[in-house]
Amino acid sequence: MEEMSKSYDPQAVEPALIDKWLAEDAYKRRPGAGDCTVVIPPPNVTGMLHMGHALDDTIQDAIVRRARMQSKSTRWILGTDHAGIATQTKVDKKLKSEGVSRLEIGRDRFVDACWDWTHQYGGIIVDQIKRMGCSVDFSDPKFTMDPAYAKAVRKVFCDWYHDGLIYRGNRIVNWCPSCTTAISDDEAEYRDEPSHLWYLRYPLSEPVNGQSYVVVATTRPETMLGDTGVAVSPKDPEKQAFVGKTVVLPIVGREIPIFSDYHVDAGFGTGFVKVTPAHDPNDYAMGVTHNLPMINIFDEHAVVVEGYGRFSGMNRDEARKAIVEWFDENGLLDHIEDINHSVMHCYRCDSALEPWLSEQWFVAVDKLKGPATEAVTSGQVQFHPDRWRQTYLTWMDNLKDWCISRQLWWGHRIPVFYCDDCGWEDACEQDVDTCPKCGGHHVHQDENVLDTWFSSQLWTFATQGWPEHPEQMQGHHPTTCLVTARDIIALWVARMVMSSLYFTHEIPFHDVVIYPTILAKDGSRMSKSKGNGVDPMDLISMYGADAMRFGLLTLVTSNQDVRFDADIDKKTKKLLGSARTENAKAFVTKIWNASRFVLTNLDGYTPGAPQALTDADKWIFSRLAKLCAEVDHDLDEYLFADLARSLYTFFWNEFCDWYIECCKGALRGAEAGEGATDEAARARLQTQRNLVFVLDTALRLLHPAMPFVTEAIWERLPLTPEQRQTASGEANDLLMLAAWPDASKLAPMVDERAEHSFDLLCAIVGRTRSVRARYALSPRQELAVAVSASAQDAESVEQLREQIVEMGRLSSLTVGVDLPKPAGSVSSLDESLKVYVELSGLVDFDKELARTRKLLEKAQRELESVDKVLSNQGFLAKATPEVIADKKEKRASIAESIELMNAQIADFS
RNA sequence: GGGCGAUUGGCUCAGGGGCAGAGCACUUCCUUCACACGGAAGGGGUCGCUGGUUCAAAUCCAGCAUCGCCCACCA
């Protein structure tokens, strides 16, 4: 076995292990007892891995790695999303930089360019996922535009179309004039912008109550060209006289009616609202109710269409300026107010969206939302943390029909075919070129493509052979869990539940794990434009993948967002470091070094079962058994911060700080050469076996969080082939496939008595260290210690005598029941022991005297406060017996401590 | 407007009726043969504010303040 290098270099070890795992086919889907199926939330092909992905994938890997070690049937499906708008935007930009527009090259060549882009960049994120150590099935990646996937998408569309769930309609949609596509409500972003409220005068056809005009307030003066009415509130008595009258629309000269509608808020503006049904969702609703004409004044680029004189051909901003000027010049501009106006923006290109009347495809949701609600209220689908259930249910409750058409070229084209000759129309799973009705050949397909979420909603089953090979889903659907971010609970999670229930009659997953959003250190969202984003690959190159993963897991609490502590150079935007990840890196190094210590102390080792020789062994076994149960619990409940904390505390603060130190004596014992006895040699061997056992088990438990360093060490452990077997008993030499520790088998090792004994050791050793530090004694200064204890505790201390003397650097250790205070000793109460450290001649007792008096005062104050509680009748009557007993015990301990201090003061005075 | 979260040491965060915690940073000591990416010992907090419930509140409840997120609306 290769020697362990003095320092651990993740940059060398990690890539080599990835190659090894892949070469040995360890990532492949595995048969087994029990199932663990996870689909990776498909990142956009255009993307680079960001912190959200890194966290998402780390969580999934931890889940999958444990399941694999348990020899469950694991299937972790990899894939990417074609991301319609995102990809089209990038390809558009690329073409533009080459001096071509997509309109010039046409649809087919543009789609080819998108495929080229996909092939060129789709692999980047997959490589990054691989570098993180994610044990996803790289051999069978999915893509939402794969031919098989496309078939699934098409079947879903056709079935819903024929079942009457998909329909076409004229609707106001959020139109992006730059992407020239409809954007769903969920994809639009509101942003407050300083703007104005323009008060415009609309002349009445005939005066009303002596008034010759009404004043309307608008933030969009340019849309007045399309006005077909003026509305007032039915609750506004003063305005009722105007209802039924008409105004003459300036510029256009159209006579339009004044009517009353509940949409109008009498208190806003003047109480008169201009109504533009083709360019505002509310006005559209009023237009439908009142049968108003819907006049579209903009083309797809938000440029004023023909027929409006000099205003035609102007874009929105030009038209606004020109129209306001016109009103001003003609004395119809009443006044202008400043206002903060929230404007919808395209979440991709950030252009202001235009409410625009157009023909779109919709999914009717009334039949889908009931079952999808039921799946969650019944607990079949569970959210972790549970509170996200409410987000899901609220959204489901308010759900409106879903606009699924997008005016893009990149995506699944809507499979509806039209016959130009006879007007036939149908959704078809196969392309059609001859009309089945009239036999004509003038058949064309709908130009629109589907919303990206329409295809990704099928992700759990379309990636598993549905609909052509349903047997592939057998035993792997519903999937185990979906790990994702909270901002797509509605966009994606909810839609997966709806479509899965409809088409597979199953929920898509049992558990939905929502992790906190990672914010920058200042609490703002990480974003490219702000330059405050952290690239996970930078973290990996600075600290290694294990450290990044572990650091990320410590962040996964039930919070809804967390700040990542990375410092970024403001000028260069370079990552300077992250304390959290740095600490995780130190932990990786600690694991390496502790293991190196164990492995370099194995001379004469032969494998054998662990067996406790001392309370120290019993203690660490007990702690290990508890850790194992804790780790299982944390993974079962998706409590990753707790998982990381448990592992860290056990390995560093218990195993390294105390147990290994405790073992050093026994390991050295037999090295004394000729003097070594058989007994010392036996103790040494058993200590080695115990160390290997604890280390081996700990590495297995650490593996899902930190796969690399644990695998690198484990291959060097002197284990038998049986010990290396998989959980199902197959031969194996990878930790990744080795059997997961069985908590129920370790449970008998829990030993509360031994844990108490070991606490006594820590107390005595800790006290001597503390005394040395206080009096600036050399760490090498040996001290004589006396301990007064109960009979049982005295026995425990005797049991650990060797370890205490060694670790505490004692010249002598006297143990007894009711032992008197040795002269010249400093005393203290630690745990249930009175510890006397003899310091005659070593220190200045005046100093100690002053310190003791101060402590005594504090203890007396404490005693008073405890006595106050204990004399409180309410407390005695209502507190639980345990709490009262604890309090009494505390009082006794303070009293004892005071007694000790008094004795000490008497001694030193 | 509706909902949710946060507010605990200088920083990033745990905890969740009965002794206030971790990591980083800070102070002192230690290069002793696993580890200075280390060890040991320390200092540092009125748990956002105001009330209430309770024998007991950092923890539960109400209100307030600040920060943030989601949903809806915005002529």
Side-chain angles (χ1 to χ4, degrees), chain A residues 4 6-8 185-186 190 192 197-198 216-220 223 230-231 263-265 268-276 280-283 339-343 387-388 390-391 394-395 398 486-487 489-490 516-517 519 521 523-525 543 547 551 554-555 557-567 577-580 582-601 641-642 645 648-649 653 656-657 660-661 664 668 766 769-774 776-780 809 862 866 869 872-880 882-884 886-887 890:
Chain A
M4 285 179 82
K6 192 161 180 214
S7 64
Y8 175 69
D185 289 350
D186 309 298
Y190 281 91
D192 273 348
L197 201 52
W198 285 271
V216 298
T218 180
T219 53
R220 300 284 317 269
T223 63
V230 169
H263 279 96
V264 179
D265 171 3
F268 190 91
T270 59
F272 288 101
V273 180
K274 64 190 264 320
V275 179
T276 325
D280 181 275
N282 269 329
D283 293 5
I339 190 181
N340 256 334
H341 182 50
S342 118
V343 181
R387 117 179 82 87
W388 296 112
Q390 202 50 50
T391 305
T394 304
W395 184 79
N398 300 322
R486 63 191 159 87
D487 51 351
I489 290 174
T517 303
L519 304 176
K521 195 174 180 176
S524 63
R525 240 170 213 286
Y543 303 110
T554 65
L555 289 170
T557 65
S558 64
N559 239 318
Q560 66 183 11
D561 41 40
V562 287
R563 298 175 183 205
F564 194 74
D565 64 358
D567 289 305
S578 147
R580 191 176 283 266
E582 198 166 313
N583 179 238
K585 167 80 194 294
F587 185 37
V588 171
T589 308
K590 192 75 179 175
I591 294 169
W592 179 262
N593 280 315
S595 304
R596 190 158 65 88
F597 172 80
V598 172
L599 290 176
T600 50
N601 280 282
D642 291 351
R645 182 181 299 263
Y648 182 95
T649 305
N653 303 121
C656 293
D657 288 353
I660 287 184
E661 294 304 321
K664 284 183 175 172
R668 220 176 294 133
R769 288 171 175 171
S770 187
V771 164
R772 272 194 198 87
R774 188 176 321 127
L777 301 175
S778 157
R780 272 173 250 233
R809 283 190 173 269
E862 229 177 306
V866 173
V869 174
N872 181 331
Q873 290 308 310
F875 174 75
L876 295 172
K878 296 187 180 172
T880 61
E882 293 80 32
V883 170
I884 296 174
D886 280 357
K887 216 43 152 191
K890 188 181 178 183

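Labels below follow one simple rule: chain letters A, B, ... track the order of the sequence lines, proteins then strands, and each chain is numbered from 1. Keep in mind that what you see is a predicted model, and the values were worked out from it rather than measured.
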For the side chain of [X], counting heavy atoms from C-beta on, which of [options] is nearest?
X: A/K890; options: B/rC19, B/rG18, B/rC37; result: B/rC19
X: A/R596; options: B/rA34, B/rC70, B/rU12; result: B/rA34
X: A/R580; options: B/rG18, B/rC13, B/rA14; result: B/rC13
X: A/D657; options: B/rA14, B/rU32, B/rG39; result: B/rG39
X: A/K590; options: B/rC37, B/rU12, B/rA34; result: B/rA34
X: A/R486; options: B/rU12, B/rC13, B/rC69; result: B/rC69
X: A/A879; options: B/rC13, B/rC69, B/rG18; result: B/rG18

Is [X] touching bases, backbone alone, or none of the nucleic acid, heavy atoms closer than 4.0 Å?
X: A/K585; value: base
X: A/N559; value: sugar-phosphate
X: A/L197; value: sugar-phosphate
X: A/Y648; value: sugar-phosphate
X: A/V588; value: nothing
X: A/R645; value: sugar-phosphate
X: A/T557; value: sugar-phosphate
X: A/D280; value: sugar-phosphate

For this session: Work out which heavy atom in A/T276 is nearest to a heavy atom in A/D283; give both atom names and the distance.
Result: N-OD2, 2.7 Å
Exercise. Does a side-chain heavy-atom distance below 4.5 Å link A/I489 with A/W395?
Worked result: no
For this session: Report yes if some heavy atom in the side chain of A/T223 is under 4.5 Å from a heavy atom in the side chain of A/D280; otherwise report no.
Result: no
Check whether [X] reaches the backbone of [Y] with its side chain - one donor and one acceptor, N or O, closer than 3.5 Å.
X: A/Y543; Y: A/G551; result: no
X: A/N601; Y: A/F597; result: yes
X: A/S770; Y: A/G766; result: no

Exercise. Between A/T391 and A/R486, do the side chains contain an N or O donor and an N or O acceptor separated by less than 3.5 Å?
Worked result: no
For this session: State whether a side-chain donor-acceptor pair under 3.5 Å links A/N593 with A/R596.
Result: yes
For this session: Indicate syn or anti for B/rC64, taking the glycosidic torsion and treating anything within 90° of 0 as syn.
Result: anti
Seminar exercise, completed: With both pairing distances under 3.5 angstrom for Watson-Crick or G-U wobble, and | for a partner in another strand, the correct string for RNA chain B is (((((((..((((....[..)))).(((((.......))))).....(((((..]....))))))))))))....
Exercise. Is A/K590 positioned over the aromatic face of A/Y648, cation under 6.0 angstrom from the ring centre and no more than 45 degrees off axis?
Worked result: no
Exercise. Are A/R525 and A/D561 within salt-bridge range, i.e. N to O under 4.0 Å?
Worked result: no
Exercise. Can you check whether A/N653 has a side-chain N or O nearer than 4.0 Å to OP1 or OP2 of B/rA22?
Worked result: no
For this session: Establish, with yes or no, whether the OP1 or OP2 oxygen of B/rC35 is under 4.0 angstrom from a side-chain nitrogen or oxygen of A/K6.
Result: yes
For this session: Tell me which of A/V869 and A/T218 sits closer to the 5' end of RNA chain B, going by the nucleotide each one is nearest to.
Result: A/V869
For this session: Map A/R809 and A/N583 onto RNA chain B by nearest heavy atom, then report which one ends up closer to the 5' terminus.
Result: A/N583
For this session: Go through the N and O atoms of the side chain of A/K664 and the base of B/rA34, and report whether any donor-acceptor pair is under 3.5 Å.
Result: yes
For this session: Mark yes or no for a side-chain to base donor-acceptor pair under 3.5 Å between A/E661 and B/rA34, with no hydrogen or angle criteria applied.
Result: yes
Close N or O pairs between protein and nucleotides 41-46 of chain B (under 3.5 Å):
residue	atom	partner	partner atom	Å
B/rA41	O3'	A/S770	OG	3.3
B/rG42	OP1	A/S770	OG	2.8

